[in-house]
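These notes are about the structure you will find just below.
Positions are given from 1 along the sequence.
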Amino acid sequence: MIKVSVMYPNGPEARFDEVYYRDQHMPMVKRLMGDYCKYYTVDKAISAGSPDANAPYIAMGHLFCDSVDAFQAGFGPHTREIMADIPNYTNQKPVIQISEVLVG
């Protein structure tokens, strides 16, 4: 199992519509990817460990797939449509990391 983490940097000018991301964007990604995406999660930042500190990422989305090949097969054909939706919920450029899930 792999996890594709899409992380949105935080900052003074960062805008992120968590309701749109949770209720529109991520369900669209899952629908387009079909069974290639086993499930997804959405994280919203609270803080970076202390109440007065800003978290480095304002939000994160995680896609769980059987393999990198499965992710590419599900996401690849829809990349343009998925990426075109980003301005609807944020002004940040996402940082992407693919990880192997060792426990979970």
Exercise. Kindly write out the residues that satisfy side-chain hydrogen bond (donor to acceptor under 3.5 Å, both in side chains) with Thr41, not counting sequence neighbours, or none if the list is empty.
Key: none

Practice problem: Scan residues 94-104 for pairs that pass salt bridge (Lys or Arg N to Asp or Glu O under 4.0 Å), counting only residues two or more places apart or in two chains. | Solution: none

Quiz item: Same cluster for Leu32 and Met83 if Ile/Leu/Val/Met/Phe/Trp/Tyr side chains link at under 4.5 Å?
Solution: yes

Exercise. With sequence neighbours excluded, tell me which residues meet side-chain contact (heavy atoms from CB on, under 4.5 Å) with Asn88.
Key: Tyr20, Asp85

Self-check item: side-chain hydrogen bond (donor to acceptor under 3.5 Å, both in side chains) partners for Thr90, two or more places apart
Solution: none

Quiz item: What salt bridge (Lys or Arg N to Asp or Glu O under 4.0 Å) pairs are there with at least one residue in residues 24-39, not counting sequence neighbours?
Solution: Lys38-Asp66

Quiz prompt | Pairwise side-chain contact, Val42 with Tyr21, heavy-atom cut-off 4.5 Å (strictly under) | solution = yes

Quiz prompt | Contact summary for Gly61 and Met26, nearest pair of heavy atoms | solution = CA-CE, 4.2 Å

Quiz item: For Asp17, what residues pass the salt bridge (Lys or Arg N to Asp or Glu O under 4.0 Å) criterion, not counting sequence neighbours?
Solution: none

Quiz item: Does Phe75 share a hydrophobic cluster with Met7, counting links as ILVMFWY side-chain heavy atoms below 4.5 Å and allowing steps through other members?
Solution: no

Quiz item: What pairs with Pro9 under side-chain contact (heavy atoms from CB on, under 4.5 Å), at least two apart in sequence or on another chain?
Solution: Tyr57, Gln92, Val95

Quiz item: Same hydrophobic cluster for Phe16 and Val19, using side-chain heavy-atom links shorter than 4.5 Å among ILVMFWY?
Solution: no

Quiz prompt | Hydrophobic cluster membership, Val4 vs Met1, 4.5 Å side-chain cutoff | solution = no

Practice problem: Kindly indicate whether the side chain of Asn10, heavy atoms from C-beta on, has any atom under 4.5 Å from the side chain of Pro56. | Solution: no

Quiz item: Glu81: what forms a salt bridge (Lys or Arg N to Asp or Glu O under 4.0 Å) with it, not counting sequence neighbours?
Solution: none

Quiz item: Should the heavy atoms of other residues, nucleotides or ligands under 6.0 Å from OH of Tyr36 be counted, would the total exceed 12?
Solution: no

Quiz item: Which pairs with one or both residues in residues 4-16 pass salt bridge (Lys or Arg N to Asp or Glu O under 4.0 Å), sequence neighbours excluded?
Solution: none

Quiz item: What residues, two or more places apart in sequence or in another chain, satisfy side-chain contact (heavy atoms from CB on, under 4.5 Å) together with Pro94?
Solution: Val6, Tyr8, Ile86

Quiz item: How many angstroms lie between atom NZ of Lys3 and atom CZ of Phe71, to the nearest 0.5 angstrom?
Solution: 13.5 Å

Quiz prompt | OG-CD1 distance between Ser67 and Ile2, expressed to the nearest 0.5 angstrom | solution = 6.5 Å

Quiz item: Taking only residues two or more places apart in sequence, or in another chain, which ones meet Glu18 in a side-chain hydrogen bond (donor to acceptor under 3.5 Å, both in side chains)?
Solution: Lys44

Exercise. Please work out whether the ring planes of His62 and Phe64 are parallel, tilted or perpendicular, with thresholds of 30° and 60°.
Key: tilted

Exercise. Please report the shortest heavy-atom distance between Ala14 and Ile58, naming the atom on each side.
Key: CB-CD1, 4.3 Å

Quiz prompt | Which atom of Ala45 lies closest to which atom of Ala55, heavy atoms considered | solution = CB-CB, 3.6 Å

Exercise. Quick one: list whatever passes side-chain hydrogen bond (donor to acceptor under 3.5 Å, both in side chains) with Gln24, sequence neighbours left out.
Key: none

